[in-house]
Amino acid sequence: MRSPNKVVVVSQHYPPDHSTTAAIMAAIAERIADDAEVMVVSGMPGSANPAAPGRPVVVEIKNRLPGKAALIKRALAELLFTVRIFIALLTRLKRGDVALTVTAPFVLPYAVAAAARLKGAKSALILHDLFPDVLVMAGLLRPTSLVARAMRGINALMFRALNAVIVIGRDAEKLLLRYRGMTPDKIRFIPNWATLAPAARPVSPDNPFRKAIAARFVVGLSGNLGFTHDPDIVFEAARLLRDEADIHFLLSGWGIGFDRLKDMQSAAQLGNVTLVDRVADGELDALLSSADVWLIPYRKDVAGVSVPSRFYNLLAAGRPVILVSEPEAEAALTVKESGLGWVVTPGRPDQLADAVRLASRSQDAAMAERAVAAARTFSPERALGSYAALIGELLCNRELERTA
């Protein structure tokens, strides 16, 4: 029996946006709509969609999306969007409803939790990034600054108001439990999933992204390079390996970190580096099949703060991973537990260069099979089923039971 109450999914990013967050939130909304009435409140232009039987209705809230490098403009736009969301929820939520949101922008969950509390609704947060820790990790805030302390104070109020927090990494729980308003029974671990079909892809010289590369071993980098990523360690490792003719770096993506890579390559003109701008969704499979190993370069103190969504697609492509992060971070735990690649200390380009050499000489052909097997465990069916079960519990007003 469908609940008389509805689920309101709140996200700045939603299709037709092509971001990972948009795809994840759309998949969750569609799955929950199998069991309950779902309204999506979106900040993406062109996302509005009228109600269809058994499907989510999408309500579009006016929003501007300045580039990530325009920090002040982006902050003001996100603050204005959050105010509009708060007002919209006050008119749309009713007692017994469930509001589900995500940490993009980071101020959005505060408004959603507050509106839900005022209207007698339940609220749940998908924690992709933990603030202010992400800003501290990126060097944009000092950990003891007034702003950081104020954000932690607001977090405590928010966590007390929330009914559930979904973490996509096991390493987040320790940081969350520092807050008085957070209790273990509120935390659910539901990892993200691969959007590519898990299957070992052969390394082919005819691959369009590999054709012009003469080197035997290709090291890849793909995706958004934001504040939490370290482009310098990648470039410095490539510089250290510039005389090893059988190793080449294929670097693709977007964001401020990728702009930094472009600037460094423009100045150094390394012969073992090829830069490719962001590829279309239809070319992603070919891109991920083009490299022998993939890099994910985080700055220090990533554990519990951020989990790379691209990680699961790299595994689905049947490729090992070289991860720059602390060993206790979620992705690092998965790499070590399943033998999927190498973990490198942040800030150590010499270690990254050594890991690339090891990868280029590796005789472990079964690593690709293990990567694909790991990707299959991170299936959308499993994750979306967990989301549906959690929302069902909140709608039925049952006390949440902690999952292993």
Side-chain angles (χ1 to χ4, degrees), residues 11-27 43-47 63-71 73-74 77 102 104-105 128-129 134 138 192-197 201 207-213 218-235 238 248-266 270 272-299 306-317 319 321-324 331:
S11 180
Q12 183 180 43
H13 301 281
Y14 204 78
D17 181 23
H18 295 291
S19 69
T20 300
T21 298
I24 288 171
M25 298 306 288
M44 181 53 53
S47 61
N63 185 30
R64 289 180 63 249
L65 295 169
K68 288 190 175 183
L71 294 180
K73 288 183 179 180
R74 189 175 182 88
V102 66
H128 281 178
D129 298 294
V134 165
N192 284 342
W193 57 89
T195 58
L196 294 180
R201 276 80 166 168
N207 185 291
F209 295 100
R210 194 173 176 125
K211 274 185 177 181
I213 299 174
V218 176
V219 183
L221 173 71
S222 171
N224 178 28
L225 291 180
F227 294 116
T228 58
H229 301 99
D230 182 6
D232 290 57
I233 191 174
V234 176
F235 200 80
H248 194 91
F249 285 73
L250 175 64
L251 312 179
S252 172
W254 66 98
I256 59 170
F258 195 68
D259 290 340
R260 168 71 174 157
L261 284 173
K262 287 181 176 179
D263 291 341
M264 288 187 288
Q265 175 63 353
S266 178
L270 294 182
N272 63 337
V273 171
T274 297
L275 297 178
V276 178
D277 286 330
R278 182 177 186 174
V279 303
D281 290 349
E283 297 178 293
L284 181 61
D285 201 315
L287 176 66
L288 298 189
S289 303
S290 65
D292 298 273
V293 68
W294 286 93
L295 303 178
I296 303 177
Y298 268 121
R299 299 184 185 278
S306 184
V307 176
S309 296
R310 75 196 72 177
F311 175 59
Y312 304 108
N313 274 343
L314 301 181
L315 299 182
R319 296 295 186 268
V321 174
I322 300 177
L323 181 72
V324 180

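Only heavy atoms go into these numbers, but all of them, side chains included; no hydrogens, no water, no symmetry mates.
- A heavy-atom distance below 4.5 Å is not found between the side chains of Met25 and Asp17.
- Annotation: side chain of Asp232 is in contact with side chain of Met264 (closest heavy-atom distance under 4.5 Å).
- With contacts defined as side-chain heavy-atom distances shorter than 4.5 Å, the pair Arg260/Phe235 does not qualify.
- Taking each heavy atom of Pro231 and Gly257 in turn, the nearest pair found is CB-O, 3.4 Å.
- Between Met44 atom CE and Ser19 atom OG the span is 6.5 Å, to the nearest 0.5 Å.
- Across every non-hydrogen atom of Pro45 and Gly43, the tightest pair is CD-O, 3.5 Å.
- A donor-acceptor contact shorter than 3.5 Å is absent between the side chain of Arg299 and the backbone of Asp230.
- Annotation for Arg319 and Ser289: closest pair NH2-O, 2.7 Å, computed over non-hydrogen atoms.
- Contact annotation: the side chain of Leu315 approaches that of Val321 to within less than 4.5 Å [non-hydrogen atoms, C-beta and beyond].
- Of all heavy-atom pairs spanning Ser11 and Thr21, the tightest one is OG-CG2, 4.3 Å.
- Within the 4.5 Å cutoff, side-chain heavy atoms of Trp294 are placed close to those of Leu288.
- The CG atom of Asn313 sits 7.5 Å away from atom OG1 of Thr20, with the distance rounded to the nearest 0.5 Å.
- Distance check, rounded to the nearest 0.5 Å: OG1 of Thr195 to OH of Tyr312 gives 12.5 Å.
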Please tabulate, for the side chains in residues 272-281, all donor-acceptor contacts under 3.5 angstrom to protein atoms that are two or more places apart in sequence or on a different chain.
| unit_1 | atom_1 | unit_2 | atom_2 | d |
| --- | --- | --- | --- | --- |
| Asn272 | ND2 | Ala238 | O | 2.9 |
| Thr274 | OG1 | His248 | NE2 | 2.7 |
| Asp277 | OD1 | Lys262 | NZ | 2.9 |
| Asp281 | OD2 | His18 | ND1 | 3.2 |

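- Residues Ala27 and Trp193 share a closest heavy-atom pair of CB-CZ2, 3.8 Å.
- Annotation: side chain of Asn192 is in contact with side chain of His128 (closest heavy-atom distance under 4.5 Å).
- Summarising the geometry, atom CZ belonging to Phe249 is positioned 6.5 Å from atom CG belonging to Leu295; distances are rounded to the nearest 0.5 Å.
- Considering CG of Leu261 and OG of Ser266, their distance stands at 12.0 Å, rounded to 0.5 Å.
- Annotation: the span from Leu314 atom CG to Ser222 atom OG amounts to 7.0 Å, rounded to 0.5 Å.
- In summary, of the residues considered (Leu287, Leu221, Val219), a side-chain contact (heavy atoms from CB on, under 4.5 Å) with Leu250 occurs for Leu287 alone.
- Looking at heavy atoms from C-beta onward, Arg310 lies in side-chain contact with Ile296 at the 4.5 angstrom threshold.
- Looking only at side-chain heavy atoms (C-beta outward), Ser47 and Pro15 stay at 4.5 Å or farther from each other.
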